[in-house]
Amino acid sequence: MKNFLDMPANDLLEHLWLPYTQMKTARQSLQAVSTQGSLIRLADGRELIDGIASWWTACHGYNHPHILAALRDQLERMPHVMFGGLVHEPALKLAARLAQKTPGDLNHVFFVDSGSVAVEVAMKIAVQYWLNKGQSRPKMVSFRHGYHGDTMACMSVCDPDESMHSLFRDYLPKQFLADLPTDDASEKAFDDLLAREKENIAAVLIEPLVQGAGGMKFFSPETLRRVADACSRHGVLLIADEIFVGFGRTGTFFACEQAGITPDIMCLGKGLTGGALSLAATLCRPHVFEAFLSDDPARALMHGPTFMANPLACAAANASLDLFETEPRLEQVARNEALLREGLAPCVKIPGVVDVRVRGAIGVVQCQNLGVHAALRTKFAEQGFWIRPFGDIVYLTPAFTIREDQLAALTSAICETLPGWLSKS
């Protein structure tokens with residue numbers, strides 16, 4: 001019998017199924033062995049400057065000593081205990097802190113394992129909210145270029161024209177897709193949709209200010225206010241998916257703050273634990289929560305992930321919030337925003353570049369044709385950078401704590417690599 005544990009690591013790739021990857025033609029993956037700050041160390045001895053903070057999660061950088069200390073302490077006391085009929089101090093503390101830090105009266109916290117599940121739970125809450133009030137409203141409204149996760153219900157509220165989920169078009173529930181109300185005409189169209197279909201609509205889902213996986217597309221706080229006002233006017237719930245933009249990424253602790261709105265339901269994830277462990281949350285305002293209070297057990301929210309409110313993950317999240325309270329994270333985001341604007345500005349003059357845009361700690365170069373993403377990713381890695389293009393963009397979402405020279409190296413790599421790459425694509 002073959003001893004798999006004695007095989008070289010890359011020989012074991014045949015046993016992995018990688019995300020967003022055609023395994024028949026997949027290039028050999030780089031093997032990470034350790035991390036520190038904004039660096040990823042590889043098995044072959046190279047170091048990569050991470051430009052995307054491990055899918056936008058490691059906001060404090062890797063291996064922050066305060067988060068590691070919290071994990072060690074919690075690991076020794078209680079790595080996990082079920083959350084059904086039991087609670088624990090890390091979750092109690094974290095729920096209270098999130099209720100205090102989120103906008104308005106988002107006071108009720110339901111913990112889950114991942115961002116997609118947070119959105120699934122938000123949709124489930126919205127539908128049952130109306131059922132508990134004696135109404136059937138089975139539909140959702142989401143926006144063109146939106147992305148809310150890869151699980152089945154989440155895929156139904158992603159833009160169906162995005163190729164990642166188009167294969168499942170005929171299998172998914174049919175929802176309403178709208179254009180963002182960015183001007184008078186689109187605002188009227190959105191308002192007309194809600195007026196016409198409000199008896200069928202449970203909620204509107206939106207990624208506040210930045211549509212992440214749909215192409216890092218930005219829109220204004222005024223547009224977000226228009227959406228919130230229309231939901232309020234027509235009596236439809238508003239779900240804010242802050243999984244990507246929350247915890248400082250757009251320059252404020254939560255993106256909704258820039259529009260001065262409080263959604264009925266908010267989804268959090270990614271930066272919640274500072275990238276240390278998987279944890280997400282769905283928060284609700286009192287009027288939503290109270291619709292589930294009843295002497296009838298059937299009116300309860302019947303959902304419960306096995307590892308819900310994992311104590312280790314909650315400890316990491318509490319440590320991450322400590323860092324936001326004691327270290328200058330939002331000031332660092334403002335610094336990074338200025339550095340990204342300056343560093344990516346030369347890309348405007350590159351033939352084949354459509355747009356260069358920056359918001360908070362997000363820098364985006366949009367191109368006409370990027371060619372093979374994996375090949376461009378390899379080219380960046382050969383230069384010592386972890387940058388993962390997708391769609392028509394090359395983007396940076398670095399740790400807020402990244403050193404200025406490291407961020408300058410990342411932006412220079414993009415500016416110097418794209419001219420030759422785009423000329424061949």
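All residue numbers refer to positions in the sequence shown, counting from 1.
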Side chains of Ser54 and Thr57: is there a donor and an acceptor less than 3.5 Å apart? no
Ring centers of Phe190, Phe143 separated by less than 6.0 Å: yes
What pair of heavy atoms forms the shortest contact from Leu238 to Pro263, and how long is it? O-CB, 3.6 Å
Can you tell me how far the CG atom of Leu209 sits from the OG1 atom of Thr252, to the nearest 0.5 Å? 7.0 Å
Full working for salt bridge (charged side-chain N to carboxylate O under 4.0 Å, His left out) between Asp73 and Arg77: CA-CA 7 Å; Asp73 178 67; Arg77 290 189 288 116; 3.0 Å; yes
Minimal non-hydrogen separation, Ala122 against Cys267, with atom names: CB-SG, 3.6 Å
Assess whether a salt bridge exists between Glu222 and Arg226, defined as any Lys/Arg side-chain N lying under 4.0 Å from an Asp/Glu carboxylate O. yes
Please determine, by modelled atom types, if Tyr62 and Ser34 share a side-chain donor-acceptor pair under 3.5 angstrom. no
Quick one: pull up CD1 in Ile265 and CD1 in Ile239 and give me the separation to the nearest 0.5 Å. 4.5 Å
Do Lys270 and Phe244 meet the cation-pi criteria used here (NZ or CZ under 6.0 Å from the six-membered ring centre, within 45° of the axis)? no
Over all atoms of both residues, closest heavy-atom pair of Ala195 and Lys198: O-CG, 4.0 Å
Under the criterion side-chain contact (heavy atoms from CB on, under 4.5 Å), I'd like the reasoning laid out for Cys367 against Asn369: C-alpha separation, chi angles, the key distance, then a yes or no. CA-CA 6 Å; Cys367 305; Asn369 180 17; over 6 Å; no
Does any N or O in the side chain of Lys139 come within less than 3.5 Å of the main-chain N or O of Lys174, such that one atom is a donor and the other an acceptor? yes
Can you confirm whether more than 12 heavy atoms, excluding those of Lys101, are under 6.0 Å from its NZ atom? yes
Short side-chain to backbone donor-acceptor contact, Trp130 and Arg137, under 3.5 Å: no
Looking at Ser156 and Ala153, would you say the former's side chain and the latter's main chain have a donor-acceptor pair under 3.5 Å? yes
Does the side chain to side chain donor-acceptor pair (under 3.5 Å) test come out yes or no for His60 and Arg329, once each step is laid out? CA-CA 8 Å; His60 309 290; Arg329 289 294 176 266; 2.8 Å; yes
Is the closest side-chain heavy-atom distance between Leu205 and Val141 below 4.5 Å? no
Residue pair Leu224 / Pro208: nearest heavy atoms and the distance that separates them: CD2-CB, 3.8 Å
How long is the gap from CG on Leu407 to CG on Leu344, to the nearest 0.5 Å? 8.0 Å
Would the distance check show the side chain of Arg169 and the main-chain N or O of Pro160 forming a donor-acceptor pair, the cut-off being under 3.5 Å? yes
Start with the C-alpha distance between His165 and Asp150, add both sets of side-chain angles, then the distance that settles side chain to side chain donor-acceptor pair (under 3.5 Å), and finish with yes or no. CA-CA 8 Å; His165 295 149; Asp150 293 345; 3.1 Å; yes
Audit row: Gln31, Leu42, side-chain contact (heavy atoms from CB on, under 4.5 Å) steps and yes/no: CA-CA 6 Å; Gln31 185 185 349; Leu42 303 180; over 6 Å; no
Verify side-chain contact (heavy atoms from CB on, under 4.5 Å) between Val87 and Leu92, making sure each step is shown before the conclusion. CA-CA 7 Å; Val87 295; Leu92 293 169; 4.2 Å; yes
What distance do Ile125 atom CD1 and Phe292 atom CZ have between them, rounded to the nearest 0.5 Å? 5.5 Å
Does the salt bridge (charged side-chain N to carboxylate O under 4.0 Å, His left out) test come out yes or no for Asp191 and Arg233, once each step is laid out? CA-CA 9 Å; Asp191 193 79; Arg233 188 163 56 249; 2.5 Å; yes
Decide, yes or no, whether a salt bridge links Glu337 with Arg341 under the criterion of side-chain N to carboxylate O below 4.0 Å. yes
Are Phe254 and Phe247 an aromatic pair by the rule of ring centers under 6.0 Å? yes
Treating Glu207 as the side-chain partner and Gly212 as the backbone partner, does any N or O pair qualify as donor plus acceptor under 3.5 Å? yes
Name the one of Val33, Thr35, Ile49 that satisfies side-chain contact (heavy atoms from CB on, under 4.5 Å) with Ile40? Thr35
Donor-acceptor pairs under 3.5 Å, side chain of residues 278-287 to any protein atom, not counting sequence neighbours: which ones?
| residue | atom | partner | partner atom | Å |
| --- | --- | --- | --- | --- |
| Ser278 | OG | Asp113 | O | 2.2 |
| Thr282 | OG1 | Ala118 | O | 2.8 |
| Arg285 | NE | Asp105 | OD1 | 2.6 |
| Arg285 | NH2 | Asp105 | OD1 | 3.4 |
| His287 | NE2 | Asp264 | OD1 | 2.9 |

Quick one: does any side-chain atom of Trp421 pair with a main-chain N or O of Leu370 as donor and acceptor, under 3.5 Å? yes
Residue pairs passing the side-chain hydrogen bond (donor to acceptor under 3.5 Å, both in side chains) test where at least one lies in residues 237-246, sequence neighbours excluded: His148-Asp241
More than 12 heavy atoms from other groups under 6.0 Å of CE on Met78: yes
To the nearest 0.5 Å, what is the distance between CG (Leu272) and SG (Cys59)? 9.5 Å
Treating Glu257 as the side-chain partner and Pro103 as the backbone partner, does any N or O pair qualify as donor plus acceptor under 3.5 Å? no
Hey, what do you get for CD (Gln175) to CD1 (Ile201), rounding to the nearest 0.5 Å? 10.0 Å
May I ask you to decide if Phe400's main-chain N or O and Asn336's side chain share a donor-acceptor pair within less than 3.5 Å? yes
Gln383 and Thr417: side chain donor to acceptor below 3.5 Å: yes
What one should report as the nearest heavy-atom pair of Ala413 and Phe380 is O-CE2, 3.8 Å
Does the pair Glu325/Arg97 count as a salt bridge with the N-to-O cut at 4.0 Å? yes
Here the pair of heavy atoms bringing Pro221 nearest to Ala259 is O-CB, 3.5 Å
Mind jotting down which residue pairs meet the salt bridge (Lys or Arg N to Asp or Glu O under 4.0 Å) criterion with at least one end in residues 348-359? Sequence neighbours excluded, please. Asp355-Arg357
Evaluate the criterion side chain to side chain donor-acceptor pair (under 3.5 Å) for residue pair Thr250 and Gln258; output intermediate values, then yes/no. CA-CA 9 Å; Thr250 66; Gln258 297 182 40; 3.1 Å; yes
Check Lys188 with Asp184, please: is the shortest side-chain N to carboxylate O separation under 4.0 Å? no
Is the backbone of Leu98 close enough, under 3.5 Å, to the side chain of Thr102 for a donor and an acceptor to pair up by distance? yes
Met302, CE atom: more than 12 neighbouring heavy atoms under 6.0 Å: no
Main-chain N/O of Ala228 paired to Ser232 side chain as donor or acceptor, under 3.5 Å: no
Among side-chain atoms of Asp183 and Ser186, is any donor-acceptor pair under 3.5 angstrom? yes
Begin from the C-alpha positions of Val288 and His108 and carry the test side-chain contact (heavy atoms from CB on, under 4.5 Å) through to its verdict. CA-CA 9 Å; Val288 176; His108 303 280; over 6 Å; no
